[in-house]
Amino acid sequence: MNINLVVLFIIGANVLVSLKGFNDFGFFERYKFNVGGIRRGEQLRMVTSGFLHVDFMHLFFNMFTLYFFAPVVVTYTGSLKFLVIYFASLLIGNLFSLYFHKDEYHYSAVGASGAVSGVLFSAILFQPQMKLALLILPIPIPAYIFGILYLLYSIYGMRSRVGNIGHDAHFGGAVGGYLVTLLFAPALFEQNTLMVGLLAIPIIILFVLQRIGKL
């Protein structure tokens with residue numbers, strides 16, 4: 001697999017910043033996502049938190065996923081648009097977290113999961129028939145079905161607060177990757193109309209649930 005230099009740079013930045021955070025508690029606290037800090041004007045946390053991770057497994061899982069799906073996106077978009085998708089997904093994921101936890105001043109989070117979710121969904125839009133497998137169901141399924149299940153599980157996680165996982169950031173990042181990719185490649189509406197519509201269903205469900213106060 002040929003991996004683009006821009007992708008290597010993103011992975012390297014995640015590794016270096018995360019290693020710094022592992023060994024410097026003050027650094028970690030200063031740059032993690034924290035609702036209270038952001039509402040005090042520390043907006044830089046919206047970006048820096050996406051390069052920090054809790055531990056080596058958290059870092060490895062995100063970078064492993066990015067390593068496999070980023071080249072798919074770069075192949076279709078080029079390096080510059082890939083970076084836009086990556087950072088837009090990171091920011092939109094954190095905006096979702098900020099919105100859903102706006103009154104929880106002590107809420108904190110770290111990780112590239114929002115950005116990686118956006119890259120994953122961008123890759124799904126470009127190659128909806130590639131096969132992916134869930135850990136709980138190790139049977140390869142079409143990528144667009146995986147994407148729908150991923151979003152539905154994220155909604156479930158947001159409603160039930162399952163585990164110590166930022167489901168809202170995952171969902172927001174996926175939405176970011178979905179929207180920005182369609183902005184860059186509107187031909188996908190015609191090429192994969194059904195798949196684009198099916199992926200939109202969980203997004204619509206989320207907004208309906210939020211609208212009626214079920215989130």
Side-chain angles (χ1 to χ4, degrees), residues 1-11 13-14 46-47 50 62-97 99 112-134 137 139-155 158 167-211:
M1 178 188 294
N2 293 322
I3 187 160
N4 183 275
L5 285 176
V6 169
V7 179
L8 284 177
F9 174 79
I10 291 291
I11 292 174
N14 272 277
M46 297 284 285
V47 176
N62 275 332
M63 295 305 100
F64 183 76
T65 306
L66 185 65
Y67 175 82
F68 276 99
F69 292 103
V72 175
V73 179
V74 172
T75 298
Y76 286 94
T77 66
S79 298
L80 181 58
K81 288 181 178 178
F82 164 78
L83 283 174
V84 174
I85 291 169
Y86 184 90
F87 281 100
S89 300
L90 169 60
L91 288 171
I92 293 171
N94 278 339
L95 284 171
F96 265 60
S97 290
Y99 176 78
S113 300
V116 172
S117 293
V119 171
L120 170 62
F121 267 73
S122 182
I124 289 172
L125 283 168
F126 286 120
Q127 292 191 5
Q129 295 301 329
M130 65 179 170
K131 302 296 184 180
L132 301 176
L134 296 164
L137 183 66
I139 302 171
I141 57 177
Y144 72 94
I145 295 177
F146 175 94
I148 293 168
L149 294 175
Y150 180 91
L151 289 181
L152 290 174
Y153 176 72
S154 294
I155 292 174
M158 290 167 70
H167 294 285
D168 30 47
H170 293 185
F171 195 100
V175 171
Y178 174 87
L179 294 176
V180 177
T181 299
L182 290 175
L183 181 66
F184 284 151
L188 291 170
F189 282 108
E190 295 182 10
Q191 295 168 3
N192 294 305
T193 305
L194 178 61
M195 179 271 302
V196 170
L198 289 173
L199 284 172
I201 292 173
I203 300 173
I204 295 169
I205 290 173
L206 176 81
F207 284 104
V208 169
L209 288 173
Q210 191 278 328
R211 191 73 177 171

- Any chance you could lay out the side chain to side chain contact (heavy atoms under 4.5 Å, CB included) test for T193 and V196, step after step, and finish with the verdict? CA-CA 5 Å; T193 305; V196 170; 6.0 Å; no
- Hey, mind stepping through V180 and Y86 against side chain to side chain contact (heavy atoms under 4.5 Å, CB included) and telling me if it holds? CA-CA 10 Å; V180 177; Y86 184 90; over 6 Å; no
- Query: Would F121 and V175 count as a side chain to side chain contact (heavy atoms under 4.5 Å, CB included) if you check the C-alpha gap in whole Å, the side-chain angles of each, and the deciding distance to 0.1 Å?
  - Reply: CA-CA 8 Å; F121 267 73; V175 171; over 6 Å; no
- Message: Run L66 and M63 through side chain to side chain contact (heavy atoms under 4.5 Å, CB included) and show every step you take.
- Response: CA-CA 5 Å; L66 185 65; M63 295 305 100; 4.3 Å; yes
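Residues H170 and F96 place their aromatic rings such that the two centres sit no closer than 6.0 Å.
Looking at every heavy atom in both residues, N94 comes nearest to M46 through ND2-O, 2.6 Å. Residues F69 and M130 share a closest heavy-atom pair of CE2-CE, 3.7 Å. Among all heavy-atom pairs drawn from Y150 and S117, the shortest one is OH-OG, 2.6 Å. Shortest non-hydrogen contact noted between I141 and L149 is CD1-CD1, 4.0 Å. The two atoms that bring G50 and L90 nearest to each other are CA-CD1, 3.6 Å, heavy atoms only. Of all non-hydrogen atoms in A123 and V73, the two that sit nearest each other are N-CG2, 3.6 Å.
Looking at N62 and T65, their side chains never come closer than 4.5 Å, going by heavy atoms from C-beta outward. Annotation: side chain of L151 is in contact with side chain of F171 (closest heavy-atom distance under 4.5 Å). Counting only heavy atoms from C-beta outward, the side chains of H167 and Y153 approach each other to under 4.5 Å.
Note on residues 174-186: pairs passing side-chain hydrogen bond (donor to acceptor under 3.5 Å, both in side chains), not counting sequence neighbours, are S122-T181.
A search for ring pair (Phe, Tyr, Trp, His ring centres under 6.0 Å) contacts involving F64 returns F60, F68, not counting sequence neighbours. A search for side-chain contact (heavy atoms from CB on, under 4.5 Å) contacts involving V6 returns N4, S79, F82, L83, not counting sequence neighbours.
When each of L209, I203, I205 is paired with F207, the side-chain contact (heavy atoms from CB on, under 4.5 Å) condition holds for I203 and for no other.
With rounding to the nearest 0.5 Å, the separation of CG in L199 from CD1 in I124 is 6.5 Å. The distance from atom OH of Y144 to atom CD of Q129, rounded to the nearest 0.5 Å, is 5.5 Å. Atom CD1 of I10 sits about 12.0 Å away from atom CG of L5, to the nearest 0.5 Å. Note that CG of L179 and CG of L125 are 9.5 Å apart. Values are rounded to the nearest 0.5 Å. Summarising the geometry, atom OG1 belonging to T75 is positioned 10.0 Å from atom CZ belonging to F126; distances are rounded to the nearest 0.5 Å. A distance of 9.5 Å separates CD1 of I148 from CE of M195, quoted to the nearest 0.5 Å.
Without hydrogens or angle criteria, S89 side chain to G177 main chain gives a donor-acceptor distance under 3.5 Å.
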